[in-house]
Amino acid sequence: MDYKRLADLLFPNELKSPREYEEIYPKRNLPEGATVTRIGPSPTGFIHLGNLYNALIGERLSAQSGGVFFLRIEDTDSKRYVEGAVDVILSSMKFFGIEFDEGATVDGDNGSYGPYRQSLRKEIYHTFARELVLSGKAYPCFCGEDELEAMRNEQMAGKLNFGYYGKWAKCRDLSYEEIEAKIKNGEPYVLRFRSEGDENNRVEVFDGIRGTLSLQENYQDFVLLKSDGIPTYHFAHVVDDHLMRTTHVVRGEEWLSTLPIHVQLFDTLGWERPIYCHTAVLMKMDGETKRKLSKRKDPELALEYYRKEGYLPSCVTEYLMTVLNSNFEEWRAENPTAPIDDFKFTLEKMSNSGALFDLAKFDDVSREVLLRTPAEEIYEKLAEWAREYDPEFFKIFTADRDFSIKAISVGRSGDRPRKDLVNMSQARDFLSFYYRGTFKIEDEFPQNTDADMRREIISRYLDTLDFGDDKTAWFAKVRVIADDLGFALQPKKYKKNPELYNGSISDVSNVIRVALVGRTNSPDLWEISQVLGEDETRARLAKAAEL
Ligand code: GLU
């Protein structure tokens, strides 16, 4: 076969040579050991936790080594393309503090290794496809769906391996004339790789997370270019990551099964393989069993979920870091206030069995992060969140900035600070009692107190209430009321001899608590009263006493 003739037949248009591309995209001039990483999301409009998880790894590896982190849009599948999806990818990543050094942006490209959208790289792929044809490593295949299905049925009947290989690869040995005739005839074709692999051979691949893997060599004549001339993921990934000089390909473990194809291509093209880093799939506990996070069942898979619930991005990255690196929590315990970027992330500390995403644990981490976040910052974030998701509350919450910051600050200092806040939608609910517009009695008054007793407690409390008291003096007065009205000053005593008392002191404070906060669980009443101010405190109590 005259491969030059075949290449000219398949690629009649002028194309640059591989050498020219090597010159346009030279080896990057970076310090020794610098890592070049990327994410390659498809613009389907759905951006999920896995994307962020992989982005975080790539971003950390490159930032820590003085390398480059870029965004490549993998839009070769036009059926899945959703208008505005690039914007969604960029804004979601930005929201979580992930910034790219180069890559696709909303209005064009930033960087000299582009285009960063695969749909604009067709000619580049064709140059290298042509190169493979020239060396006899690629050939056109005209087999249609029906033929492939018939082949599959035959393979099934013979209990043989499925696929396009060996003697099954019918189009491998078409003559130039046959090919030319079919093309002239307008028959559609794909371009296949001519694999010299053997199903009995193993190939070793080093994975940055999993170590050295031994995989079955690829022996299938896989597709390089589809019938519309658009490359498959396999081919596009190899060409792009070579020319963009990616050193570490961080991607999900769903690509492990086709890894032999990718290394075969790298090797055949004579290119240095990148270090592959296949991340474990994100799992969750569903009852007793672990399963993959699912788009259909688990809203927390979508990054949108975190925005809507108002989780601070810092909470999400902090939690992802605990999942990513087994030593992160220990580091955090030793460095409670250090910025997260001070942590040295390493691939070695990553687990390669399913990464467990635990919402309850995530909430605990979020509570910790919010406790470290200054009240002023929480105020800004909650205002920002409410402006978008609850405009009514936004008005109420931002009417008096100082008041709201004081409300947020309650209970957050001292030896045993409270961790009341988890995310902004929960913070809205939690803080709602501070505002007249959202205050309501949500919980029941203690069962041990009837209406008369409640009135009695509240009226005595109002009589003795003095806003000049400090916390100790204030509480001493509550004790006097409890004692006078027959409530045990220690819950233990009441438990032991319930018949001797009307209840315990916690019933008394809970009467005041429900009157003032509307709930049986709240931060310290004295502190809350200081924020509410004397008038509002008295008004709420008086109102409750009318009950
Ligand atoms: N477009 C691929 C995906 O969305 C990217 C895989 C890769 O990073 O190479 O899964």
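Ligands are counted one by one from 1 in listed order, and the atoms in each one are counted from 1 as well. For the single chain, residues carry numbers from 1 onward in sequence order. Only a predicted model underlies this, so the values are computations on that prediction, with no experimental measurement involved.
Listed by number with element, the atoms of ligand 1 under 4.0 angstrom from any heavy atom of Arg251 are 7 (C), 8 (O), 9 (O).
Not counting sequence neighbours, Ser62 has no partner by the side chain to side chain donor-acceptor pair (under 3.5 Å) test. With sequence neighbours excluded, the residues forming a side chain to side chain contact (heavy atoms under 4.5 Å, CB included) with Thr212 are Glu204, Phe206, listed by chain and number.
The distance between the ring centers of Phe362 and Tyr306 falls below 6.0 angstrom. Taking the centre of each ring, Trp271 and Phe128 come in below the 6.0 Å mark. The six-membered or imidazole ring of Phe193 lies near that of Phe222, with a centre-to-centre distance under 6.0 Å. Close placement of the Tyr233 and Trp255 rings is indicated, their centers lying within 6.0 Å of each other.
Residue, atom and distance of the protein heavy atom nearest to atom 8 (O) of ligand 1 are Arg38 NH1, 2.8 Å. For atom 7 (C) of ligand 1, the closest non-hydrogen atom of the protein is Tyr233 OH, 3.3 Å. Of the protein's non-hydrogen atoms, Trp255 NE1, 3.5 Å is the one closest to atom 10 (O) of ligand 1.
For ligand 1, the polar-atom distance check finds no N/O of Glu254 at less than 3.5 Å from any of the ligand's N/O atoms. For the pair Arg72 and ligand 1, the shortest N or O to N or O distance does not fall below 3.5 Å.
Looking at Gly58, Ser42, Pro43, Gly40, it is Gly40 that brings a heavy atom closest to atom 5 (C) of ligand 1.
Contacts between His237 and ligand 1, counted as non-hydrogen atom pairs separated by less than 4.0 Å, are absent for every part of the residue.
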